Chemist: 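I'd like to ask some things about the structure below.
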Amino acid sequence: MSKVALVTGGTGGIGNAICKQFAADGYKVVTTYFEPEEQAKAWQAKQDYEVAIYPCDVSNYDDCAKLKESVIADFGQVDIIVNCAGITRDATFKKITPAHWAAVMKTNLDSVFNVTHQFVNEMADRGFGRVINISSINGQKGQFGQTNYSAAKAGVHGFSMALAQEVARKGVTINTLSPGYIATEMVMAIAEDVRNKIIAQIPVGRLGTPEEMAAIVSFLASDKAGFITGANISANGGQFIH
Ligand code: NDP
């Protein structure tokens, strides 16, 4: 029976590449949408692989509980979770508002609890599970104007390290992937001169690709990666080496 992989934020640049890779790996792929339903269905119709899509605000626990009900009713179980949904609300600390802070914490960090909590016990009961949390280089090194995002993304790895210890003996691994700057729409929308300054700080001399992130996630989800847990995989072209 094919494994079932749930990727939050699959309509985004990195999430879409992960969904596509998982479909190629032979998994049944499930993702979520937050945007209006029509837009999400149009997105689904455009994909050249099979992906099921459900409404879910990952920052809301009850929404994630509803997501679980729907996915279990349609697919029976979830074997792999990729917590990829995320937002930025950048502002220097002087200008940051409680709303900026809360939105980023809820969407990037609470979401990891909200989604993982729905499925991890059943994974442990079945003796197999993979949870891969998408963090960021800026959760590792901090970033000017991103106290909220850096804190949330650092918290994501704290979560992975702690839960990894609780479920390791049950065949469930919990890992973090921390991408550097990736050529998604968000990054490609940055003015070219600013983008070139960013690229100049990357030792490999280019942005990463969503497909490169998906390849790492694919490995972490596989049986071959069973001895990797609680790890934070840096994929940043050498921009932050530690
Ligand atoms: P995108 O902005 O392209 O995609 C973000 C995704 O998150 C979208 O699918 C969006 O759904 C979803 N989302 C946002 N808020 C919610 C919510 N409340 N509930 C459910 N889904 C939500 O981002 P990227 O693909 O660039 O990034 C993916 C992940 O990788 C993020 O966690 C990001 O922080 C991280 N990252 C990205 C880097 C980059 O260079 N791009 C670098 C390092 C880390 P919808 O479209 O429906 O709103």
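Numbering of residues begins at 1 and proceeds along the displayed sequence. Each ligand, and each atom within it, is numbered from 1 in the order the structure gives. In this text the structure is predicted, and so the values were computed from the model without any measurement.
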Chemist: Please state which option from Trp43, Tyr149, Tyr181 has its nearest heavy atom closest to atom 36 (N) of ligand 1.
Modeler: Tyr149

Chemist: In the protein, which heavy atom is nearest to atom 23 (O) of ligand 1, and how far is it?
Modeler: Gly13 N, 4.6 Å

Chemist: Could you tell me if Lys68 sits above the aromatic ring of Tyr54, with its cationic atom closer than 6.0 Å to the ring centre and no more than 45 degrees from the axis?
Modeler: no

Chemist: Among all protein heavy atoms in this structure, tell me which lies nearest to atom 16 (C) of ligand 1, with the distance rounded to 0.1 Å.
Modeler: Phe34 CD2, 3.6 Å

Chemist: Considering only residues two or more places apart or on different chains, which pairs with a residue in residues 175-184 satisfy side chain to side chain donor-acceptor pair (under 3.5 Å)?
Modeler: His157-Thr176, Ser160-Thr176, Ser178-Asn232

Chemist: Do Gln140 and Ser234 pair up side chain to side chain, a donor and an acceptor below 3.5 Å, judged on atom types alone?
Modeler: yes

Chemist: Would you mind checking which non-hydrogen protein atom is closest to atom 20 (C) of ligand 1, with the distance to 0.1 Å?
Modeler: Cys56 O, 3.2 Å

Chemist: Between Gly180, Ser135, Ala17, which one has a non-hydrogen atom sitting closest to atom 44 (C) of ligand 1?
Modeler: Ser135

Chemist: Which ligand 1 atoms are under 4.0 Å away from a heavy-atom of Val187?
Modeler: 40 (O)

Chemist: Where the closest heavy atom to atom 15 (N) of ligand 1 is concerned, which of Ile134, Val115, Val58, Thr107 has it?
Modeler: Thr107

Chemist: From the options Cys84, Gly9, Pro36, select the one whose nearest heavy atom is closest to atom 32 (O) of ligand 1.
Modeler: Cys84

Chemist: Less than 4.0 Å from atom 2 (O) of ligand 1, is there any heavy atom belonging to the protein?
Modeler: no

Chemist: Could I get the full list of ring pair (Phe, Tyr, Trp, His ring centres under 6.0 Å) partners for Tyr61, not counting sequence neighbours?
Modeler: Phe113, His117

Chemist: State, without any angle test, whether Gln47 and Asn16 hold a side-chain donor-acceptor pair at a distance under 3.5 Å.
Modeler: yes

Chemist: Give the residue and atom name of whichever protein heavy atom lies nearest to atom 8 (C) of ligand 1, and the separation in Å to one decimal.
Modeler: Thr11 OG1, 3.7 Å

Chemist: Tell me: protein heavy atom nearest atom 41 (N) of ligand 1, and distance?
Modeler: Thr184 OG1, 3.2 Å

Chemist: Does a salt bridge link Asp125 with Lys170, judged by any charged N lying under 4.0 Å from a carboxylate O?
Modeler: no

Chemist: Say whether Asp57 and ligand 1 are in contact under the criterion: heavy-atom distance to a ligand atom below 4.0 Å.
Modeler: yes

Chemist: Looking only at the side chains, is there a donor atom on one of Gln39 and Lys41 sitting less than 3.5 Å from an acceptor on the other?
Modeler: no

Chemist: Determine the minimum heavy-atom distance between Phe22 and Ser218, stating which atoms define it.
Modeler: CE2-CA, 4.1 Å

Chemist: Of all the heavy atoms in Lys153, does at least one lie under 4.0 Å from an atom in ligand 1?
Modeler: yes

Chemist: How far is atom 13 (N) of ligand 1 from its nearest protein heavy atom, and which residue and atom is that?
Modeler: Ala85 CB, 3.9 Å

Chemist: Return the option from Asn83, Ile182, Ile14 holding the heavy atom at the smallest distance from atom 37 (C) of ligand 1.
Modeler: Ile14

Chemist: How many angstroms lie between atom CD1 of Ile18 and atom CD of Glu211, to the nearest 0.5 angstrom?
Modeler: 10.5 Å

Chemist: Considering only the protein, which heavy-atom contact is closest to atom 47 (O) of ligand 1, and what is its distance?
Modeler: Glu35 N, 2.8 Å

Chemist: If you compare all heavy atoms of Asn138 against all heavy atoms of Lys141, which two are closest, and at what distance to 0.1 Å?
Modeler: OD1-NZ, 3.4 Å

Chemist: Just to confirm my output: which protein heavy-atom neighbour is closest to atom 43 (C) of ligand 1, and how far is it?
Modeler: Pro179 O, 3.4 Å

Chemist: Does ligand 1 have any atom that is closer than 4.0 Å to a heavy atom of Ile87?
Modeler: yes

Chemist: Using only heavy-atom distances, determine whether the side chains of Asp110 and Ser59 contain a donor-acceptor pair under 3.5 Å.
Modeler: no

